[in-house]
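Report on the following structure.
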Amino acid sequence: MSIREVGNNDTLLMYNEETLAVSIKVKEEIWQWDQGYNPYFRIKEEKVYFKDSKKIEHFEWQTGVGVGIRSKFNEFEIEGKIDPLSFETITWIEYATGNVYFELVPLTESLVQIGDFYWPGQMAFTKKSHEWYSVVNVL
């Protein structure tokens, strides 16, 4: 199993390059994606999983603002053909605040209409804590 780790001060990102799962460690606390989660997007009613990309590349990502992991996905088989769709995901830690951000960046368009993306994954909360909360993205 190939785990890529990047960190800043008290925060560490752990990225599994095979399952594409993300874990976040802050001091001694670890948050992990739910084990049953696989990132995907929809084309009509079909799920197309990120891991089904024919070409996946992972890179360490660093700017003056933060550090993280960038993954590039391209060459998906869609409707029986290799599609030009490509995109990147960037999971990064902001230096100033320690906040963790998840970004999805489109690079090239698909030949077909793409539906919703289901990324990042939900965290697996294994115990109750009044200090934990979830953030729900709103379009």
Side-chain angles (χ1 to χ4, degrees):
M1 184 176 339
S2 178
I3 305 291
R4 188 178 291 254
E5 296 181 352
V6 296
N8 176 42
N9 298 329
D10 293 334
T11 306
L12 178 69
L13 290 177
M14 295 165 281
Y15 184 79
N16 185 318
E17 293 181 347
E18 295 165 14
T19 66
L20 310 177
V22 174
S23 299
I24 303 166
K25 181 177 181 184
V26 179
K27 298 182 182 174
E28 298 305 314
E29 194 69 52
I30 298 177
W31 294 277
Q32 299 176 331
W33 281 1
D34 186 279
Q35 287 185 346
Y37 173 75
N38 273 315
Y40 67 95
F41 57 91
R42 287 196 178 273
I43 297 178
K44 298 177 185 163
E45 297 303 314
E46 179 185 357
K47 290 182 179 179
V48 179
Y49 292 95
F50 289 20
K51 67 181 181 181
D52 292 338
S53 169
K54 303 291 184 216
K55 187 175 180 187
I56 303 173
E57 300 172 280
H58 304 286
F59 310 92
E60 288 192 22
W61 179 89
Q62 187 170 2
T63 69
V65 177
V67 62
I69 300 162
R70 179 174 64 95
S71 297
K72 184 175 181 181
F73 301 88
N74 47 94
E75 297 183 18
F76 288 91
E77 187 171 325
I78 299 175
E79 298 180 344
K81 297 183 273 187
I82 298 297
D83 193 271
L85 173 69
S86 66
F87 58 89
E88 292 181 340
T89 60
I90 306 169
T91 305
W92 62 283
I93 306 164
E94 185 177 39
Y95 289 137
T97 64
N99 290 342
V100 176
Y101 295 93
F102 293 85
E103 297 182 30
L104 191 140
V105 181
L107 299 174
T108 57
E109 292 187 28
S110 173
L111 296 175
V112 298
Q113 174 104 20
I114 301 292
D116 296 330
F117 276 78
Y118 294 85
W119 182 88
Q122 67 273 11
M123 294 295 176
F125 293 114
T126 56
K127 62 182 179 180
K128 291 184 178 183
S129 172
H130 69 280
E131 296 177 349
W132 290 4
Y133 59 92
S134 294
V135 176
V136 179
N137 295 333
V138 178
L139 299 175

Measure the [atom1]-[atom2] distance between [X] and [Y] for me, rounded to the nearest 0.5 Å.
X	Y	atom1	atom2	result
E17	I69	CD	CD1	7.5 Å
D10	E29	CG	CD	13.0 Å
W119	T89	CH2	OG1	4.5 Å
Q122	D34	CD	CG	5.0 Å
I30	L12	CD1	CG	8.5 Å
Y15	S23	OH	OG	12.0 Å

Nonpolar side-chain network containing W92, other nodes, edges under 4.5 Å: W61, V65, I90, Y101, V105, L107

Closest contact, heavy atoms only, [X] versus [Y]:
X	Y	answer
P120	F102	CB-CD2, 3.6 Å
K51	L20	N-CD1, 3.8 Å
L13	T91	CD1-O, 3.4 Å

State, with a plain yes or no, whether a side-chain heavy atom of [X] is found less than 4.5 Å away from one of [Y].
X	Y	answer
L85	F41	yes
V22	Y37	no
M123	I24	yes
N38	F50	no

Joint hydrophobic cluster, I3 plus F59, side-chain heavy atoms closer than 4.5 Å: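 No; tracing contacts between hydrophobic side chains, which count when under 4.5 Å, never links both residues.
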
Joint cluster assignment, F117 & V112, ILVMFWY side-chain distance < 4.5 Å: yes

Can you sort out the partners of [X] under side chain to side chain donor-acceptor pair (under 3.5 Å), two or more places apart, ordered by chain and number?
X	result
S86	T108
E88	R70
Y49	none
D83	S110

Using the test side-chain contact (heavy atoms from CB on, under 4.5 Å), find all partners of [X] that sit at least two apart in sequence or belong to another chain.
X	value
Y118	Y40, R42, D116
E60	R4, V6
I82	K54, E75, E77
S53	I56, F73, F76

Sequence neighbours excluded - salt bridge (charged side-chain N to carboxylate O under 4.0 Å, His left out) pairs with any residue from residues 93-115: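 Checked against salt bridge (charged side-chain N to carboxylate O under 4.0 Å, His left out) - neighbours excluded - no pair reaches residues 93-115.
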
E79: partners by salt bridge (charged side-chain N to carboxylate O under 4.0 Å, His left out), with sequence neighbours left out: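 For E79, the residues satisfying salt bridge (charged side-chain N to carboxylate O under 4.0 Å, His left out) (neighbours in sequence not counted) are K44.
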
Test side-chain contact (heavy atoms from CB on, under 4.5 Å) applied to N74 and F87, step by step: CA-CA 7 Å; N74 47 94; F87 58 89; over 6 Å; no

